[in-house]
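Worksheet for the structure shown next.
Position 1 is the first residue of the sequence, and the numbers go up from there. Just follow the structure's listing: the first ligand is 1, and inside any ligand the first atom is 1.
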Amino acid sequence: MSENCTHDCSSCGENCSSRKSESMKKAPHKLSKIRKVIAVVSGKGGVGKSMTSAMLASAANKSGLNTALMDADITGPSIPRMFGLRDRAMGSEGGILPVETQSGIQVMSMNVLLDREDDPVVWRGALISGTVLQFWTDVIWHDVDIMFIDMPPGTGDVPLTIFQSLPLDGIIIVTTPQDLVGMIVGKAVKMADMMNIPILGIVENMSYITCPDCGRKIEVFGDSKVDAVALEHGITNVVKVPIDCELTKAADAGEIENFPRDYYGDFFAKVAKSIKLSK
Ligand code: ADP
């Protein structure tokens, strides 16, 4: 790659490795307008990646940005449930239209395409990757300032396809304290480096609980290591989100965007600043 690489191949004549990876990128639907794209990743399932994607999308939307959420977790889609989405996606002549949440977040997920949300998706990797790419190429995303992609966990086939094919502006890593945070973050940093994508922050989910009687923070899974690991990799944006039973209830009731406590506002503001995103 050229020393002066700006990742804008349209104004650069160099035939470098960055240009090769750019050429693998898929164009979105011709009627879509999407300014920034952020992938939310985790090392394994169950750490709160979908919860984080939903809460970040809600924070972005509350800040006045036109927000979209692509649920790329095809075999375990939980985004529609968290937002209480019951409508199925409609097709128009030109493409598929996303479903909108109460507050106007545009969502596409396998579960808004299936007849029944409990129908299983028993597909091989290539078909799953193809479907995620269609969420990008065949869905008409309307005037989106920021899109979050709830990625499948790990670093398998589908995440790799998304990393290679979609023009990601950054990655947010979700871990829990009992996760092997050093290893998970190390892997994500290496993958992001290989793809030339910046890491915009780390969410330590289920970091602690707050005692309902005395208000003391209790680190149920032991001392948090996330700050040290973030420092090691030069990542300055870290948020610690507690285990909050009200959060689980809001997600189960399909009311996640109306959740009153603000755990992600400052974190998202730093993310928006680092990708130079303002309304
Ligand atoms: P993943 O996407 O990583 O598989 P989810 O976001 O689906 O994980 O979260 C798994 C479960 O944990 C869900 O039932 C969710 O509501 C719950 N959950 C996630 N984060 C929290 C939290 N901070 N406090 C309470 N419950 C949470």
Say you draw a straight line from [atom1] of [X] to [atom2] of [Y]; how long is it, rounded to the nearest 0.5 Å?
{"X": "K62", "Y": "Y264", "atom1": "NZ", "atom2": "OH", "answer": "12.0 Å"}
{"X": "I184", "Y": "T176", "atom1": "CD1", "atom2": "OG1", "answer": "8.5 Å"}
{"X": "S63", "Y": "L277", "atom1": "OG", "atom2": "CG", "answer": "7.5 Å"}
{"X": "L56", "Y": "F267", "atom1": "CG", "atom2": "CZ", "answer": "6.0 Å"}

When you measure from [atom] to every protein heavy atom, which one gives the shortest distance, and what is it?
{"atom": "atom 18 (N) of ligand 1", "result": "M51 CE, 3.7 Å"}
{"atom": "atom 24 (N) of ligand 1", "result": "D244 N, 3.0 Å"}
{"atom": "atom 5 (P) of ligand 1", "result": "G48 CA, 3.7 Å"}
{"atom": "atom 10 (C) of ligand 1", "result": "G46 O, 4.2 Å"}

**OP:** Carefully, step by step, assess V40 and V174 under the rule side-chain contact (heavy atoms from CB on, under 4.5 Å).
**Re:** CA-CA 7 Å; V40 181; V174 184; 3.6 Å; yes

Original post:
Under 4.0 Å from atom 13 (C) of ligand 1, do we find at least one protein heavy atom?
Top reply: no

Subject >> Location of contacts on P242 toward ligand 1, heavy atoms closer than 4.0 Å >> reply: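 Backbone only.
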
Original post:
Is ligand 1 under 4.0 Å from a heavy atom in the side chain of N205, in the backbone, in both, or in neither?
Top reply: side chain

**OP:** Report the C-alpha distance between R261 and E246 in whole Å, list the side-chain angles of each, state the deciding distance to 0.1 Å, and finish with yes or no for salt bridge (charged side-chain N to carboxylate O under 4.0 Å, His left out).
**Re:** CA-CA 9 Å; R261 283 191 272 278; E246 298 300 320; 5.3 Å; no

Original post:
L247 versus I256: any side-chain heavy-atom pair under 4.5 Å?
Top reply: yes

Subject >> Flag side-chain contact, heavy atom, 4.5 Å: F135 against D71 >> reply: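 No, side chains not in contact.
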
**OP:** Look at ligand 1 and say whether G45 reaches it with a heavy atom at a distance under 4.0 Å.
**Re:** yes

Contact check: [X] vs ligand 1, nitrogen or oxygen atoms, below 3.5 angstrom:
{"X": "C245", "answer": "no"}
{"X": "S50", "answer": "yes"}
{"X": "T248", "answer": "yes"}
{"X": "K49", "answer": "yes"}

**OP:** Would you mind listing which atoms of ligand 1 come within a distance below 4.0 Å of any non-hydrogen atom of M206?
**Re:**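 The atoms of ligand 1 under 4.0 Å from a heavy atom of M206 are 12 (O), 18 (N), 19 (C), 20 (N).
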
Original post:
What are the atoms of ligand 1, with element, lying closer than 4.0 Å to any heavy atom of I243?
Top reply: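 Listed by number with element: 24 (N).
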
**OP:** List the steps and the verdict of salt bridge (charged side-chain N to carboxylate O under 4.0 Å, His left out) for R35 and D169.
**Re:** CA-CA 9 Å; R35 285 170 67 200; D169 294 285; over 6 Å; no

